[in-house]
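Numbering of ligands and ligand atoms starts at 1, following listing order. The figures here come from the full heavy-atom set of this structure, side chains too, leaving out hydrogens, waters and symmetry mates.
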Amino acid sequence: MADGSNVTTVTVKVNRFTPRAERERDRARGGSPFARRKSPFGGSSDAPARRRPRGRQWVQEYTVPARPEDTVLDCLLTIKRTIDPTLAFRYSCGHGMCGSDAVAINGTPNLLCTATLKDWAKRPNPLAEADDDGFRHTGDADATDSPTDDTSLGVIELAPLPGFPVQRDLIADIDPMLDQIRKLKPYLQAQGTLATTTEGKVDVFEYLQHPEELAKYEQLSNCIACGVCEGSCPVFAGGDAFIGPAALIWASRFVNDSRDTQAMARMDAIDTADGVAACQSVRACTRQCPRGIDVGEEMWQIVAKVRER
Ligand code: SF4
Ligand code: FES
């Protein structure tokens with residue numbers, strides 16, 4: 001974080017959200033906590049994918065000292081420690097390994113801890129001044145017309161991860177994605193080989209594999225379930241219609257694992273209307289995967305595999 005050398009500032013605009021308190025929600029339902037509205041389509045109107053949290057929304061602007069190589073997470077921690085302890089965001093490892101801090105940065109899903117200010121802060125657009133005729137030029141689509149001074153790195157806009165219900169400020173409820181991944185049994189189902197020691201004693205179960213077989217799924221096993229691909233996918237953003245690219249990546253990871261004995265059952269499980277059939281090959285999921293997985297290409301591969309089986 002900024003240590004005094006080479007320090008400028010950055011302005012962070014955060015889409016904030018405070019949910020309505022439980023008691024207020026019950027009052028809005030008619031005073032009774034049992035008076036839950038029924039969905040005309042069956043199921044509960046409180047189903048996570050359909051739930052639209054109610055509460056207060058506003059945009060809050062903070063300006064903090066920062067250096068170009070600082071991450072967006074560094075800035076949020078500075079804000080939380082020195083300006084506004086009520087700002088809510090989630091993170092854990094701080095270096096792109098846990099996937100807990102996915103948000104929309106300038107409208108694009110990404111991780112707070114790996115996005116740097118030099119890559120994401122938008123400088124003011126000098127062409128966005130009104131000319132003599134009163135018209136505004138919009139020369140550079142990536143620039144912003146927000147006011148910043150000469151020492152500022154620019155402006156960063158933050159919002160919760162799209163496609164998921166927001167819980168508070170930058171914290172989205174990613175349970176719908178984790179539930180979909182869980183449904184597809186994201187663990188190895190294999191027949192192990194009993195290995196014995198030189199004395200003939202039982203040692204361990206071995207799950208043997210050649211390096212070429214490992215190469216078929218190794219990259220896929222790097223998925224950290226951050227939800228960035230889901231937040232980028234316009235079909236997943238529609239709610240229940242699609243199990244989402246992250247769940248399909250996890251299915252594909254085990255379908256491509258030569259040790260797994262359930263490849264057919266796994267492909268049956270995703271050969272559904274809300275499974276591979278719902279993928280529209282938009283490939284928006286590919287662009288920002290923080291683990292370098294070519295999600296769009298992998299989607300295409302697993303769809304082809306399911307159809308050919
Ligand atoms: S495939 Fe990439 S973007 Fe999608 S959940 Fe996994 S790590 Fe995140
Ligand atoms: S905090 Fe763990 S991936 Fe960013």
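Excluding waters, the set of protein N, O or S atoms lying under 2.8 Å from atom 2 (Fe) of ligand 1 comprises Cys289 SG.
Applying the side chain to side chain contact (heavy atoms under 4.5 Å, CB included) test between Phe254 and each of Gln189, Lys185, Arg266 identifies Arg266 as the sole match.
Of all atoms in ligand 2, numbered sequentially from 1 with element shown, those under 4.0 Å from a heavy atom of Cys93 are 1 (S), 2 (Fe), 3 (S). Below 4.0 Å from some heavy atom of Met97 lie the following atoms of ligand 2, by number and element: 3 (S). Residue-ligand proximity, Gly227 to ligand 1, at heavy-atom distances under 4.0 Å covers atoms 5 (S), 8 (Fe). Close contacts of ligand 2 with Cys98, meaning ligand atoms under 4.0 Å from a residue heavy atom, involve 1 (S), 2 (Fe), 3 (S). In summary, the atoms of ligand 2 found under 4.0 Å from a heavy atom of Ser92, numbered by their order in the structure, are 1 (S).
Side-chain contact between Met299 and Pro245 is present, with heavy atoms from C-beta onward closer than 4.5 Å. Looking only at side-chain heavy atoms (C-beta outward), Pro19 and Arg168 come within less than 4.5 Å of each other.
No donor-acceptor contact under 3.5 angstrom links the side chains of Thr8 and Thr151, judged on distance only. Side-chain atoms of Thr108 and Asn106 form no donor-acceptor pair, as typed in the model, at a separation below 3.5 Å. Judged by distance alone, the side chains of Gln209 and Asp257 do bring a donor and an acceptor atom under 3.5 Å apart.
Given atom 4 (Fe) of ligand 2, the protein heavy atom at minimum distance is Cys113 SG, 2.2 Å. The single protein non-hydrogen atom nearest to atom 1 (S) of ligand 2 is Gly94 N, 3.1 Å, given as residue, atom name and distance. Of the protein's non-hydrogen atoms, the one nearest atom 3 (S) of ligand 2 is Gly99 N, 3.2 Å.
In this structure, Gly99 does not count as a contact residue of ligand 1, since none of its heavy atoms falls inside 4.0 Å of the ligand.
Hydrophobic clustering (side-chain heavy atoms under 4.5 Å, transitive across Ile, Leu, Val, Met, Phe, Trp, Tyr) groups Val64 together with Val103. Two different hydrophobic clusters hold Leu76 and Phe17 under the rule that ILVMFWY side chains link at heavy-atom gaps under 4.5 Å. Criterion: ILVMFWY side-chain heavy atoms under 4.5 Å apart, direct or through other members. Under it, Tyr91 and Val14 are part of a common hydrophobic cluster.
Here Ala102 has no heavy atoms under 4.0 Å from ligand 1, in either its backbone or its side chain.
Annotation: Arg309, atom CZ; neighbour count of heavy atoms from other residues, nucleotides and ligands within 6.0 Å is above 12.
Note that CD of Glu297 is 10.5 Å distant from SG of Cys285, once rounded to the nearest 0.5 Å.
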